[in-house]
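Have a look at the structure below before the remarks.
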Amino acid sequence: MSSQGENSKFNFPENEVKTLEFWKENDIYQKSLDRRQGEQKYVFFEGPPTANGKPHPGHCLTRAIKDLFPRYKTMKGFYCERKAGWDTHGLPVEVEVCKELGIHSKEDIEAHGVEPFIQKCQASVWQYMQQWEELTERLGFWVKLDEAYVTYHQSYVESVWWSLKSLFDRNLLYEGHKIIWWWAQGGTALSAGEVGQGYKTVRDPSVYVRFPMLDEEKFPNSSLLVWTTTPWTLPSNQFAAVKDDIEYAVVYDAEIDHNLIFAKDLVETIAGKLKRELEIKSTMKGSELIGQRYRPPFDYFYKTMGEETGKLVDGGEQHKCWRITQADFVTTDSGTGAVHEAPAFGEVDYELLVAELARFEQGDGPDLICPVLPNGKFSEEVPDFAGMWVKEADKPILRAIKESGALYLQEQYEHEYPFCWRADDDPLIQYPRRSWFIKTTDYKDKMLANNQAINWMPDHIKNGRFGNFLESNVDWALSRERYWGTPLPIWKCEATGRYDAVGCYDELLQKPGLTGTEVWESAKAANPELVEDLKVHKPYIDAITYDSPFEEGARMSRVTEVIDCWYDSGAMPFAQWGYPHQGKEEFEAQFPADFISEALDQTRGWFYSQLAISTMLFGDDQGTEKKVDFPHPYKNCIVLGLMLAEGGVCVKCSKRQSSDAKKCSECEGKVVRKTEKMSKRLKNYRPPNEIFDLYGADALRWYFFANQPPWTSIIYSERAIKESIPEFLLRMWNVYSFFTLYAGIDGFDPSSVTSQGELTHESLASGEGFRAINQRSELDRWIISELNRTVAEVTKAMDAYDNYGAARSLNHFVDVLSNWYVRRSRDRFWAKDTKDPSKLDAYWTLYECLATLVKLAAPFVPFITETIWQNLTQSFRDKGAEVPLSVHLCDYPVASDALYDEDLSRRMELLRQIASQGLSARMGAKLKVRQPLSGVTVVLTSDQDQAWLETHAELLKTELNVREVTFTLDADQYVTYQVVPNFKLLGPRVGKLMPKVKKAFGDADGGVMLAALTADGKTSIDVEGESIELTSEDVEVRLKAKEGWAAAQGAGVVVVLATELTDELIRAGNARDLVRLVQDQRKANDYERTDRIELIVCTDSDELKLAIEENNDYISGETLADSLIVKPLAGAGADFVELTIGEHVVKLGLSVVSS
RNA sequence: GGUCGUGUAGCUCAGUUGGUUAGAGCGCGUCGCUGAUAACGACGAGGUCGCAAGUUCGAAUCUUGCUACGACCA
């Protein structure tokens, strides 16, 4: 152990880099796994990040949390593998590559060539990999990077294929339509993100159209009045929607001699627009309209299909189209309360069609009417407008319905409408595309049941955001008309249109009449560098065709789509092992996960995709071999809050400013702090690697763990990260450094312990000078008790995934260790006799505290705890003794009930409170602590702890610098007693009388009540003639210091100071002042702490001379002066320093006599 | 517009089944300590617990409405 002690200036980041090297050289992570081999598994799933962007601070948070619990569980004895993973497919990768190539559209990609494009995508994925790996390592996230699963790898893709084939074979994978935002001119769909970029304010027609009712008997001379802002969709009308509980009116319009049906609430509005009276003839609920037929404004489809009916699932028949249907989304906010439905051109409309289809028997429901081609022009099905771009057809369509009399009212309407972000004159339209779906709705109830079994943190996610999302489940639109993704493993027969699903590459190769593998083979031959995994990707996989099992002579070829990359990540629990083609054992041992964690944005992403896939594949009713009880695939899930950046904004000009600016850079206005989203563009955060260099990974980790529960939104505050150092890390380090300083001086060596093990309380007992805990001082017993309490608290919190609570316990322990135990034990460490039992007690106690503390804190701050552990155990290793090589190879401490003393904890707390109040009283009386006082009187309300406190008077004397401490219960001269009711107990008893009881207490004499309680154990109080009996339980006694005393009061205690100063006390104060001045000089002269000195004090003050004489031993002892010589001022040497003590002038001369 | 969440000290956050003096850390101010010393201690200022109504003897806590902010969805 270093005899110099540790320099208080400690460079955390530098030390962390050394620790990383130590871990690497000694393979500590692997060793931590090896020692748990065969133990109970704790399963962790890594949610794969996308590596084709730079990591940002939010990723540090997820990675820190993902590290904390596996480290903890490993120390607790579990075997916890941590396999890294990377999400590599998807549109963002394609976009990145397109940017590089300077191209945009799918046509551009086709022109560039799908093959080179895919190859570029594969390479692009790894672009930022090095940065990711560096961050992962530097943060101390222990995860197997070299065994990472990668979603584009062949084995991964084949696992995904296996799962899709399972779904296909169970009729859970089907082809349908999906309404998407379509750029007709470009012939491509836009993602939600792209659509969001292109909104513009436009004026569109807003039209009210009459749909004549067919039931002339019930609705004579009547029309349903519907509203639409897209006249071009009118030829495609299939339904009209109303809401069952809205009230509708039949109004008579005299001008056209016709009845109109629409929402009653809107009659006035529409009459206002028409500028004429409308007479309400009758009203009815929407439910009465449902099922009624009408004639649509155009008859292109109606004339052939108008009378078609289909069989209903519930029995009976119904007309397929042109009926009034129920829809919850109908409102009376605008329009007419009756909505035109063209399912091909609106997502909501399409859902309505799907709901209608479900009412009919399979294949007997309404077909989708879509007379618009992908280029956005009308087809020949509507001859009047064929070839016309739909948006340009609005006007002729309006003319047509005006002529037919269907148009009732027309206005202009201003709203936001999406345009293509690449061609901002091109409006987007909603348009149906064929797409593959997973029938997740069949599993809605199972997913909900599965969800109930998951432990969500925070718990409101379960039935809140996530539960609601599951409740409103719609089938998963799986396919993407893109290039870089897992190819949909479905081959289609060219003759019959029937499908076949393939579960792996080998299975494909077995197909009869297979051709097309040569495309991959020749590509590989031309470029041997080509990654083997690409052969299961486009375009190579698309080249493979085989003989159709459905028709002689026909060929099977793959559908062109790839799949949603969320499916990839959701398949990770089995696909990471290549299951079931390989890795069966691993999968079965590692499913489900005990713990996963990601940020809130994954609710509809990874949290859902995993749950959905797993529920469909591994539930109790599935064809797959592996069946698992709920919950799966994860049991505990911490949903992290989003991380926000800290910025500033000028209150005057509202311009953004940097977070540390005080004044606006432009208008000099005041800058206030404001949290905002992290943004690469605004550069409003410091990159993680700079944080590591400045403050270290421990500081960042501690900030994340200890400043807030992980699910609140977390502000990435550099100031707060920086403050982790003095608040926790440095304080812990200072205690350690104090220990080494004196252990070095005294030659204390813990390696005398013979049963080394993990340096627990039991194993330390064999150490030289180690005494049983009951032989040690109260203070030692107390801190060991606090230590064990902390162990219990931290363990309990961590088992409940409460890192915040655990961190607070740790912080509190470091605080009491530093600010009470070490502070109050200092004189024992300074004792001269190195074999003094009390001194050795102090060493063993502090050593045990430190060794246990670093183990407790190791999962949180793995670097600094490792360093301290290394230093604490160095002497063992020097001897070749067996102690764990790393703190991370230790077992987590286990709390000992025997060592926890609840009474002692409470009493020490009381003692600290008394000390604190004493200091407060000194402050009030302006009596500095260096000035000794003759005594304090401590007034207590009960004798419960008095005897104990009396035995600790010494401690208070030192802390408060007083000669005497007396405790008393009876102190009428100092205090008044106030007795207040215990509301919690009395409330339920007296009920409504409570306010009067409270008043009666206020009027009563507290002293008298207290006297009665002390004498008889009970008293009573009269309220409204009723006598209420009270025991001491029912009241709370408060003390109030009387005026005129230097006193401070707390809840149950008052501390009163004796303030009169005798000359002797003043002289003692002077002596203490002198000691301080000498110590300052020792330090100024750079003396070693153990240097002994000769001290010459020159003064002409008789008072001071007397003070020195009286306190000679004290002064010499404190300043390590072998000789103390007093001289007159005139006798001072030239190098003497002139100072004052009170009004006395002194000159000090110091010189070292021995070291 | 819908769903979910959050509004407590200048800042970041605690606040257990409702109990009458609402806490902590940081920051700020004052004072102190001085052989852990760029550490540390004490004290102080600072709160109508977002607003309003209700339930109750009693509400930061329970209920309802409103409001602001955030996220997701539309």
Side-chain angles (χ1 to χ4, degrees), chain A residues 5-6 8-9 192 329 331 333 347-348 458 460-461 463-469 471-472 599-601 603-605 639 641-642 644 646 672-673 675 677 703 706-709 711-715 717 719-720 722-723 726-728 730-731 733-742 745 804-805 808 811-812 815 818-820 822-823 826 829-830 915-924 926-931 959 961 980-998 1036 1038 1048 1051 1072 1075-1080 1082-1083 1087-1091 1118-1120:
Chain A
E6 298 291 340
S8 65
K9 264 189 184 177
F329 57 77
T331 67
D333 295 346
E347 202 176 344
V348 190
H460 60 75
I461 298 285
N463 293 317
R465 188 179 283 224
F466 196 68
N468 287 340
F469 176 62
E471 283 287 353
S472 55
L600 188 63
D601 55 357
T603 313
R604 284 146 202 270
V639 184
L642 293 171
L644 300 170
E646 190 169 47
V672 291
R673 250 174 247 245
T675 54
K677 281 191 186 179
Y703 168 67
N707 271 56
Q708 60 276 302
W711 43 80
T712 56
S713 51
I714 294 169
I715 296 159
S717 158
R719 184 183 55 84
K722 189 178 171 181
E723 279 166 4
E727 277 172 27
F728 182 72
L730 189 58
R731 202 183 274 174
W733 180 258
N734 276 338
V735 175
Y736 158 72
S737 142
F738 175 89
F739 171 81
T740 27
L741 173 65
Y742 291 103
I745 291 171
Y804 178 58
R808 280 199 299 177
N811 202 24
H812 181 254
D815 182 52
S818 166
N819 290 329
W820 194 247
V822 170
R823 181 178 152 81
R826 278 188 289 202
F829 290 99
W830 300 337
S916 160
Q917 277 169 34
L919 290 167
S920 165
R922 291 195 76 118
M923 171 78 67
K926 293 203 188 309
L927 289 164
K928 59 184 180 180
V929 182
R930 270 201 305 270
Q931 175 59 58
E959 186 70 14
N961 194 17
V980 291
N982 180 339
F983 287 92
K984 205 167 181 173
L985 272 177
L986 284 177
R989 237 169 79 192
V990 307
K992 292 196 180 190
L993 281 178
M994 201 66 220
K996 290 189 172 114
V997 172
K998 186 182 176 186
E1036 201 177 305
R1038 285 178 191 161
R1072 200 160 158 172
V1075 168
R1076 183 199 161 185
L1077 293 177
V1078 174
Q1079 303 291 31
D1080 279 351
R1082 285 184 62 112
K1083 202 162 58 176
Y1087 291 175
E1088 286 297 319
R1089 289 159 197 212
T1090 49
D1091 286 346
E1118 290 294 309
T1119 59
L1120 301 186

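All figures in this text were calculated on a predicted structure; none of them were measured in a lab. Side-chain atoms are counted along with the backbone in the values below, which use heavy atoms only and exclude waters and symmetry mates. Each chain gets a letter, A, B and so on, in the order its sequence line appears, and its residues count up from 1.
Contact annotation for Thr1119(A): base contact, defined as any heavy-atom pair under 4.0 Å involving a base atom. Nucleic acid contact for Val997(A): none, since no nucleic acid atom lies under 4.0 Å from a heavy atom of the residue. Residue Ser818(A) is classed as a base contact, given a heavy-atom separation below 4.0 Å to a base. The residue Phe469(A) sits apart from the nucleic acid: no heavy atom pair falls under 4.0 Å.
Atom P of A42(B) sits at a distance of 28 Å from the matching atom of C49(B), rounded to the whole Å. On the C1' atoms, G54(B) is 36 Å away from A45(B), given to the nearest whole Å. Atom name P, nucleotides A39(B) and C28(B): the rounded distance is 12 Å, in whole Å. Going from the P atom of C73(B) to that of U17(B) covers 34 Å, rounded to whole Å. Between the C1' atoms of G27(B) and G10(B), the separation comes to 8 Å (whole Å).
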Strand RNA chain B in bracket notation, Watson-Crick/G-U under 3.5 Å with | for pairs to another chain: (((((((..((((.....[...)))).(((((.......))))).....(((((..]....)))))))))))).
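Donor-acceptor pairing under 3.5 Å, judged by distance alone, is present between the side chain of Lys984(A) and the base of U17(B).
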Classify every nucleotide of nucleotides 65-70 of chain B by which part a protein heavy atom approaches to under 4.0 Å, writing B for the base, S for the sugar-phosphate alone and - for neither, in 5'-to-3' order. ------
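No donor-acceptor pair under 3.5 Å is formed between the side chain of Ser818(A) and the backbone N or O of Asp815(A).
In this structure, Arg1072(A) and Asp601(A) both approach RNA chain B, and ranking their closest nucleotides by distance from the 5' end singles out Arg1072(A). Comparing Arg731(A) and Asn982(A) by the nucleotide of RNA chain B whose heavy atom lies nearest to each, the residue mapping closer to the 5' end is Asn982(A).
Going from atom OH of Tyr703(A) over to atom C1' of G25(B) covers 13 Å, rounded to whole Å.
Taking side-chain N and O atoms only, Tyr742(A) has a distance below 4.0 Å to OP1 or OP2 of A36(B).
A tilted orientation is assigned to the rings of Tyr742(A) and Phe829(A), their planes being inclined by 30° to 60°.
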